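Worksheet: the structure to be examined is printed underneath.
Naming convention: chains lettered A, B, ... in sequence-line order (proteins, then strands); numbering from 1 in each chain. What you are looking at is a predicted structure, and each value in this text was computed from that prediction instead of being measured.
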Amino acid sequence: MPDKFYLTTPIYYVNARPHIGHAYTTIVADAIARRQRSLGVDTWFLTGTDEHGQKIERSAEAAGCTPQQFADRVSQEFKNLWDRMGLTCDDFIRTTEPRHILAVQNFITLLRDRGFIYKGSYTGQYCVFDELYVEAPPGAPCPDCGRPTETVSEENYFFKLSAFERRLLEFYDEHPDFIRPESRRNEVISFVKGGLRDLSVSRTSFNWGIPIPGDEKHVVYVWLDALANYITALGWSSADDSKYKTFWPADLHLVGKEIIRFHCVYWPAFLMAAGLPLPKSVHAHGWLLFEESKMSKSRGNIVRAETILEGFGALKPDLPKAEQDLFGADALRYFLLREIAFGQDGNFSFDALVQRYNADLANGYGNLVSRTLSMIGRYFDGLVPYPASSGSVVQSHSFAVELPRTISTFAASFDALDFSRALETAWAAVAAVDGYLTANAPWKQPEGVSDEQQQALRADILYTAAEAIRIITALVYPVIPNAAAQVWSQLGLGDIRKADLKNLQWRGLKPGTKLGELSPLFPRADKETITRMSELEQKNAPAPAATPEPETAEPSPAHTSKLKSAIEGLAVAMAESTNETAAVAAFEGAIAETVRETIGGRKDQAPSAPVAALQPTPSGPEDATNLPGTRILPPAPATGTVAAPAGPAAPTLPEGKISIDDFSKVELRVGQIKVAERVPKADKLLRLEVDLGTETRQILAGIAEAYAPESLIGRKVVIVANLAPRKLRGLESNGMIVAASLEGGRPVLAGFLEDVPVGARLK
RNA sequence: GGCGGCGUAGCUCAGAUGGUUAGAGCGUGGGAUUCAUAACCCCAAGGUCGGUAGUUCGAUCCUACCCGCCGCCA
């Protein structure tokens with residue numbers, strides 16, 4: 001086993017401000033890195049930000065600043081958040097740094113010199129949002145995200161991806177663990193088997209990128225740019241490439257499932273072409289889903305990690321802010337790693353977070369530490385007692401006997417990235433120790449037992465419990481590092497970062513050790529914690545741009561696709577990275593636009609996602625330097641604001657804006673038209689019977705001039721289901737059909753690009 | 001549409017190359033206890049293992065079809 005471990009997260013695209021999905025990937029990486037370090041492995045943990053591309057260029061323009069200023073700002077937000085959470089990355093790479101730019105140019109030159117890059121031309125549809133060429137007829141929406149595409153004709157450099165089909169398949173075959181989990185591996189293999197086309201790796205349609213050496217009007221395709229970070233950050237091809245020599249190839253690339261292909265097909269092919277070693281494994285995790293629709297009213301919003309830091313931080317009001325943050329970070333880390341089977345999608349909700357926290361951290365681990373150490377304080381003056389007879393302790397308690405197995409099971413699960421099971425194992429040990437204490441009741445002195453006997457018994461029992469806590473703490477340190485450090489020092493063992501956590505031997509705890517100062521670890525979280533976080537989240541919900549400039553309400557051809565994106569956005573990509581920040585931005589943008597277009601009938605003024613990304617960060621060094629043009633936010637709630645201690649101050653909404661609650665009052669549902677006929681003596685009116693799943697409604701719609709009744713039968717449409725009934729031409733209309741209104745009043749029905757069940761609610 | 005996956009207690013999920021009473025945690029109900037953060041400990045209730053048909057002595061596990069959900073298809 002080589003004594004080094006290099007792991008990476010994706011570099012996050014700076015088009016959206018950081019949220020819990022980014023935090024998830026980075027937390028997982030941090031936990032792995034901490035475990036590796038604690039095992040004595042030379043570890044390098046890299047994260048960073050991806051800052052080039054047309055989207056950034058445009059967002060910056062919309063925000064009235066340069067792309068570099070824009071990227072600086074958002075990148076700093078990521079850095080600040082990781083600092084607040086105590087994440088221990090060893091390096092943070094930005095793709096706009098000279099070290100990266102130069103190395104990417106070297107990489108391109110190398111690929112070209114080796115004959116894998118050639119010049120060609122391409123005409124086709126380009127999706128700006130995805131920054132990808134897509135297969136679609138001119139004028140058609142992007143098949144991926146539903147946004148409009150642009151017809152582009154470019155002279156491009158191409159990478160000979162097609163040359164690697166066979167070699168990639170052989171590689172997957174020889175390295176069964178290269179892609180995990182299995183289901184992703186199968187997807188990738190079937191993708192490659194389907195045939196590989198050469199890949200366009202340059203752009204001339206915008207400037208915000210790394211120029212191709214020798215042909216500077218071309219900039220490097222964002223994905224090639226981004227993926228290369230894994231070696232450029234190590235100093236590959238630079239004067240000092242010692243890090244590269246030590247750490248490459250990577251042991252683990254952590255990625256979200258949506259970008260598996262880039263990491264498992266393109267990246268290995270680039271490396272093969274360059275003659276460089278391939279990473280050892282790529283592990284894709286799932287997405288975080290927020291509060292499934294059936295659980296609650298539409299709260300479905302993007303959750304930011306800061307909300308949790310602040311919500312939980314308030315449980316420890318006496319601590320300095322920085323320590324509150326670390327405490328909250330532990331709660332979040334534990335939840336994400338314990339609750340979600342790594343690799344699968346998982347549900348996140350404040351309720352689940354608090355419940356898990358209370359059950360496992362407060363009632364379980366925290367309480368166990370508390371009861372054990374306080375008894376040692378009471379009965380042994382705060383000195384770890386001497387167990388009665390060496391060896392007998394282990395023999396006599398089943399959980400102690402099983403601790404070595406706990407250690408090995410924990411290690412095996414953790415190292416297989418099955419964090420959930422690893423923690424389950426550790427917590428089974430917690431429960432066993434609790435049961436042991438209750439069964440032996442060291443606080444009791446049975447009849448007929450002398451004081452000395454009782455004290456000897458107590459010593460035995462409490463030593464055993466304390467020693468078990470020491471071992472469990474060492475195991476869970478990578479997951480709840482801050483709490484573990486506290487327990488370590490409460491046990492009188494000093495700084496956990498200096499401890500040897502790899503040689504865990506029973507009886508490693510020295511009797512006579514003076515306990516440190518005791519303080520509650522995980523105070524129980526009350527219901528208010530949940531409401532506090534919900535409120536914080538609402539307050540910080542992506543604020544749409546202010547300063548509305550009333551513009552001619554022109555029809556939005558992308559309307560339906562925005563609706564679609566909004567729905568899909570409910571499932572937010574957890575760790576989207578590089579330029580597939582799609583889900584999040586899609587959600588932020590689409591829901592806002594949908595709300596406005598559906599309810600307000602107004603066109604929005606600025607893309608909301610980039611604006612959201614520009615929220616001021618008081619904790620950061622940069623001030624809110626002038627983003628000329630639009631004023632971005634009301635001064636009120638900003639990232640990093642201290643948690644409101646109490647008081648559900650109703651968030652004030654910018655003028656002309658509605659809250660998510662307002663929106664959720666509108667019950668939009670998918671309906672299917674069963675009957676459609678003209679209303680006699682009415683030019684525009686159709687009488688429709690629409691199946692809403694649970695019932696069939698009669699709805700009158702003024703669309704007769706645009707749609708023939710028979711063409712509507714079977715069509716799925718969007719219905720405002722809770723509109724008050726109204727009579728038209730003597731017929732009752734029970735609801736309303738959502739349609740775009742074009743010039744001249746011509747309606748275009750909203751629909752879906754894919755099949756949706758009748759009755760499904762839009763929110 | 002093509003390929004692949006999933007559907008097990010209220011919730012989140014385990015599991016069995018087919019074989020007697022299908023498991024865990026949380027939640028719920030009851031009991032016990034008071035060292036501890038109204039925590040901990042013990043007990044209990046709760047499942048036609050998506051549906052139908054088939055193979056088999058026997059299927060929740062295999063096969064077929066169906067229903068529902070999901071992923072990949074630049």
Side-chain angles (χ1 to χ4, degrees), chain A residues 124-125 127 130-136 142-144 159 161-162 181-200 221 223 257-262 264-266 284 286-287 289 292 294-295 315 335 338-341 343-349 351-352 354-379 418 420-421 423-425 427-428 430-445 458 461-462 465 518-526 568 571 580 754-757 760:
Chain A
Q125 295 309 112
C127 175
D130 292 338
E131 299 191 4
L132 280 176
Y133 287 104
V134 296
E135 275 193 88
C142 171
D144 198 38
F159 172 74
L161 184 62
S162 57
E182 190 76 17
S183 56
R184 300 296 153 206
R185 175 183 147 85
N186 294 338
E187 280 174 13
V188 170
I189 290 175
S190 85
F191 173 78
V192 175
K193 279 187 176 159
L196 294 176
R197 297 203 301 267
D198 287 351
L199 188 68
S200 158
Y221 167 57
W223 269 104
K257 66 181 182 181
E258 73 283 1
I259 53 172
I260 194 78
R261 194 178 68 225
F262 299 93
C264 297
V265 181
Y266 301 172
W287 292 354
L289 310 172
E292 293 163 310
K294 61 182 171 187
M295 280 176 61
L315 293 175
F335 176 83
R338 171 64 245 251
E339 185 87 359
I340 299 166
Q344 295 176 29
D345 291 353
N347 287 306
F348 179 89
S349 73
D351 289 274
V354 166
Q355 186 178 303
R356 185 57 90 173
Y357 168 88
N358 277 336
D360 292 1
L361 294 179
N363 297 351
Y365 180 68
N367 182 55
L368 175 64
V369 171
S370 170
R371 69 196 300 211
T372 304
L373 299 191
S374 75
M375 277 192 280
I376 290 177
R378 175 173 315 122
Y379 299 121
D418 190 348
S420 180
R421 191 165 292 195
L423 291 171
E424 196 180 354
T425 305
W427 257 257
V430 168
V433 180
D434 259 330
Y436 165 74
L437 281 179
T438 303
N440 289 285
W443 54 89
K444 269 199 215 157
Q445 185 162 354
R458 268 185 192 138
I461 296 162
L462 293 178
L518 307 188
S519 66
L521 216 50
F522 294 114
R524 277 182 69 80
D526 47 19
E568 287 170 349
E580 289 208 345
E754 53 222 68
D755 201 29
V756 288

Base, sugar-phosphate, or nothing: which does [X] touch, judged by heavy atoms less than 4.0 Å apart?
X	answer
A:S370	base
A:L521	base
A:L373	nothing
A:G377	nothing
A:L161	base
A:Y266	base

Nucleotide of B:U37, B:G71, B:C73 approaching A:A362 most closely (side-chain heavy atoms):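 Among the listed nucleotides, the one closest to the side chain of A:A362 is B:U37.
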
A:K257 side chain, from C-beta outward: closest of B:A74, B:U34, B:G71: B:G71

Earlier contact from the 5' end, RNA chain B, for A:E187 and A:R338: A:R338

OP1 or OP2 of [N] sitting under 4.0 Å from any side-chain N/O of [X]?
X	N	answer
A:R185	B:C72	no
A:Q344	B:A14	yes
A:R378	B:C35	no
A:R421	B:C13	no

Pairwise C1' distance, B:G7 and B:C66 [rounded to whole Å]: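 It comes out at 14 Å once rounded to the nearest Å.
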
B:G46 versus B:A22 - spacing of their P atoms, nearest Å: 13 Å

For atom CZ of A:R356 and atom C1' of B:C13, their distance in whole Å: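 Between C1' of B:C13 and CZ of A:R356: 10 Å.
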
A:R197 CZ - B:C73 P separation (whole Å):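 Distance, rounded to whole Å: 12 Å.
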
Under 4.0 Å protein heavy-atom contact, by nucleotide of nucleotides 40-47 of chain B - B base, S sugar-phosphate only: SS------

A:D418 and A:S420, any side-chain heavy atoms less than 4.5 Å apart: yes

Complement of [N], any strand, by Watson-Crick or G-U distances under 3.5 angstrom:
N	value
B:G27	none
B:G1	B:C73
B:A14	none
B:U21	none
B:G47	none
B:C6	B:G68
B:U56	none

No-hydrogen, no-angle side-chain donor-acceptor test under 3.5 Å, A:R524 and A:N363: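 Side-chain D/A pair, A:R524 to A:N363: present.
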
Centroid separation A:F348 to A:F335 less than 6.0 Å: yes

A:G286 to A:K257 - nearest heavy-atom pair and separation: CA-CD, 4.2 Å

Value rounded to 0.5 Å, distance of CH2 in A:W427 from CG in A:L368: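 Interatomic distance, A:W427 CH2 to A:L368 CG, rounded to 0.5 Å: 10.5 Å.
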
